[in-house]
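Throughout, numbering of the chain's residues begins at 1 and tracks the sequence. Side chains are part of it too, since the values below use all heavy atoms of this structure and drop only hydrogens, waters and symmetry mates.
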Amino acid sequence: MFVESLALMNFRNYESLDVKFSDKINILYGDNAQGKTNILEAIYMSATTRSHKKSKDKDIIRFGEEDSHIRVNIKKRDVGHRIDMHLRKAGNKGVAIDGIPIKKSTELFGLINIIIFSPEDLAVVKNGPGERRRFMDMEICQLSRIYYSNLSTYNKVLDQRNSTLKQIVYKSGMEEMLDVWDDQLVDVGSAIIKERANFISMLNDIIKDIHKGLTSESEKIELRYEPNVDIDEFKTSLYEKRNIDIKNTTTMTGPHRDDFGIFINDSDVRIYGSQGQQRTAALALKLAEIELVKKIINDDPILLLDDVMSELDTRRRDALLNSIKDIQTIITCTGYDDFIRQRINVDKIYKISQGKIV
């Protein structure tokens with residue numbers, strides 16, 4: 001699969017944009033803060049309906065405008081598709097596939113599979129559990145519509161339970177409502193835990209050999225899923241910690257507090273790893289993600305590299321470039337000299353300046 005073209009209107013700093021891509025390697029270069037990353041963000045949104053930067057729709061719309069449009073044409077197994085997205089400051093976004101509006105965003109998932117790698121991905125390795133949960137959710141949602149539906153339902157039920165916890169202090173009889181929310185949390189939460197465990201297990205099988213190659217077999221990496229609660233104990237734990245939840249007015253048990261560990265030679269790389277080890281682990285994680293998606297969808301994903309080349313040394317950069325030879329890759333950078341020096345076959349090069357392709 002690959003993106004054939006992208007058209008934008010009133011998106012970030014773009015009043016309008018129309019660009020066609022090669023199905024291999026594309027480079028968007030230019031100074032910082034010119035709009036290179038915004039193009040990647042639009043492509044990512046066309047696959048997931050969400051910004052990889054956690055931005056709200058109203059913040060993406062060009063300053064002074066009320067709405068924004070994204071149009072992406074893709075080719076998947078020799079069949080063309082068009083995705084249209086309409087972002088509004090007032091109201092929900094609208095999405096259409098091949099000119100037909102969709103009612104649920106789950107209908108979009110799986111049409112395109114996007115993997116994005118940026119310097120911020122080091123946060124998955126270095127930062128707290130929230131970054132690693134987001135990593136799991138972003139990828140599994142693209143691979144499983146059921147997972148996205150369960151995650152959406154879980155978050156809504158969690159909000160309802162937390163709202164009830166806040167009301168218990170002021171309203172008698174509200175505690176009985178917790179039984180209803182607990183049953184629903186356990187139902188959809190257990191499905192989420194199973195999917196995450198399976199995802200980390202499959203990723204772990206792939207990442208080991210990749211990491212060996214990056215470290216000349218001198219280090220061994222392992223991913224360990226760390227659920228906040230075992231499925232068999234989920235309901236009991238919710239009940240036993242109910243008084244604590246009421247006191248804190250928030251739910252302390254469930255997959256919304258999950259994590260996974262990244263260990264090199266049995267040491268937690270987040271705590272004990274050097275900066276080089278953390279960068280290598282982040283790169284290995286992305287390369288493993290590419291291979292896992294290929295295996296599951298029996299097709300190549302689209303890879304977006306947002307200014308990561310400057311963050312990698314020569315050995316890691318070579319490993320990354322060797323892995324993208326056969327898939328569409330759109331790369332942002334401040335210059336393309338490194339690609340010329342390494343004789344990388346770049347199919348299209350665009351210079352981005354002040355929200356325009358020059």
Side-chain angles (χ1 to χ4, degrees), residues 50-59 92 105-106 120-141 144 146-201 223-263 267-273:
R50 297 181 178 183
S51 166
H52 71 287
K53 296 160 70 173
K54 309 178 190 176
S55 300
K56 296 179 180 179
D57 288 357
K58 64 182 179 66
D59 299 323
N92 296 326
S105 52
T106 51
E120 288 74 25
D121 280 292
L122 274 174
V124 175
V125 176
K126 295 169 64 174
N127 290 4
E131 295 289 346
R132 287 180 287 281
R133 284 194 298 273
R134 187 167 181 268
F135 168 80
M136 290 190 287
D137 291 340
M138 285 172 68
E139 190 50 58
I140 304 174
C141 281
S144 171
I146 294 175
Y147 181 86
Y148 176 84
S149 178
N150 284 333
L151 186 64
S152 178
T153 300
Y154 182 88
N155 288 331
K156 290 176 183 176
V157 174
L158 182 63
D159 286 344
Q160 292 284 359
R161 188 180 193 272
N162 287 339
S163 177
T164 301
L165 290 170
K166 292 178 174 67
Q167 295 178 59
I168 285 174
V169 179
Y170 308 103
K171 297 181 181 179
S172 61
M174 289 296 293
E175 189 170 341
E176 295 178 2
M177 283 296 299
L178 291 178
D179 292 332
V180 176
W181 304 133
D182 286 3
D183 287 343
Q184 293 183 46
L185 274 187
V186 171
D187 185 32
V188 292
S190 297
I192 290 169
I193 294 169
K194 288 178 183 177
E195 283 271 21
R196 286 179 178 174
N198 186 50
F199 174 72
I200 294 299
S201 175
L223 308 180
R224 300 174 187 171
Y225 178 46
E226 299 170 353
N228 171 259
V229 64
D230 291 335
I231 291 174
D232 294 341
E233 300 171 359
F234 196 171
K235 188 169 184 177
T236 302
S237 183
L238 279 171
Y239 183 78
E240 289 178 346
K241 295 179 181 179
R242 183 172 288 186
N243 288 335
I244 297 174
D245 289 352
I246 292 171
K247 181 180 178 180
N248 294 318
T249 66
T250 191
T251 303
M252 306 294 289
T253 303
H256 60 288
R257 303 180 75 87
D258 280 356
D259 197 358
F260 72 88
I262 304 171
F263 293 83
S267 293
D268 190 333
V269 70
R270 182 172 71 91
I271 301 172
Y272 303 106

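The distance from the CG atom of Asn162 to the CG atom of Asn248 is 10.5 Å, given to the nearest 0.5 Å. Of the inter-residue distances, the one linking Leu165 atom CG with Leu178 atom CG reads 5.5 Å to the nearest 0.5 angstrom. Taken from CG in Asp187 to OH in Tyr154, the straight-line distance is 12.0 Å, to the nearest 0.5 Å. If you take NE2 on His256 and CG on Leu158, they are separated by 5.0 Å, rounding to the nearest 0.5 Å. Ile262 CD1 to Ile200 CD1: the interatomic distance, rounded to the nearest 0.5 Å, is 8.5 Å. Atom NZ of Lys156 sits about 11.0 Å away from atom CG of Leu151, to the nearest 0.5 Å.
When every heavy atom of Met174 is checked against every heavy atom of Thr164, the shortest pair comes out as O-CG2, 3.5 Å. For the pair Glu195 and Ser144, the tightest heavy-atom approach, listed with the atom from each and the gap, is OE2-OG, 3.4 Å. In plain terms, the two heavy atoms of Lys53 and Arg134 that are nearest each other are N-NH2, 4.2 Å. Nearest heavy-atom pair across Thr249 and Lys166 is O-NZ, 3.4 Å.
Not counting sequence neighbours, Tyr225 has no partner by the ring-ring contact (aromatic ring centres under 6.0 Å, His included) test. Taking Arg242 as the reference, Asp179, Asp182 meet the salt bridge (charged side-chain N to carboxylate O under 4.0 Å, His left out) condition, with sequence neighbours excluded. For the salt bridge (charged side-chain N to carboxylate O under 4.0 Å, His left out) test, no residue two or more places apart in sequence or in another chain qualifies with Asp268. Under the side-chain hydrogen bond (donor to acceptor under 3.5 Å, both in side chains) criterion, Arg224 pairs with Glu222, Asp266, sequence neighbours left out. Listed by chain and number, the residues in a side chain to side chain contact (heavy atoms under 4.5 Å, CB included) with Lys247 amount to none (sequence neighbours excluded). Listed by chain and number, the residues in a side chain to side chain contact (heavy atoms under 4.5 Å, CB included) with Gln184 are Val157, Val180, Trp181 (sequence neighbours excluded).
The main-chain N or O of Pro255 is found under 3.5 Å from a side-chain atom of Arg196 such that the two form a donor-acceptor pair. Within the 3.5 Å criterion, the main-chain N or O of Tyr148 finds no donor-acceptor partner in the side chain of Ser152. Although no hydrogens or angles enter the test, the distance criterion places a donor-acceptor pair under 3.5 Å between the side chain of Arg132 and the main chain of Val124. A donor-acceptor pair under 3.5 Å links the side-chain atoms of Asp245 to the main chain of Met252, judged by distance alone. With hydrogens and angles disregarded, no donor-acceptor distance shorter than 3.5 Å links the side chain of Ser201 to the backbone of Ala197. For the pair Ser163 (side chain) and Asp159 (backbone), a donor-acceptor distance under 3.5 Å is absent. Side chain of Asn228 to main chain of Asp258: no donor-acceptor pair is present (N/O by atom type, distance under 3.5 Å, no hydrogens or angles).
A heavy-atom distance below 4.5 Å is not found between the side chains of Asp121 and Glu131. Side-chain contact check for Thr253 versus Arg257: every heavy-atom pair is 4.5 Å or farther apart. No side-chain heavy atom of Tyr147 sits less than 4.5 Å from a side-chain heavy atom of Phe199. Side-chain atoms of Thr251 and Leu238, non-hydrogen and from C-beta on, do get closer than 4.5 Å to each other.
Between Glu176 and Lys171, none of the side-chain N atoms (NZ, or NE/NH1/NH2) sits under 4.0 Å from a carboxylate O, so this pair counts as no salt bridge.
Within a 6.0 Å sphere centred on CZ of Arg50, other residues, nucleotides and ligands contribute 12 heavy atoms or fewer.
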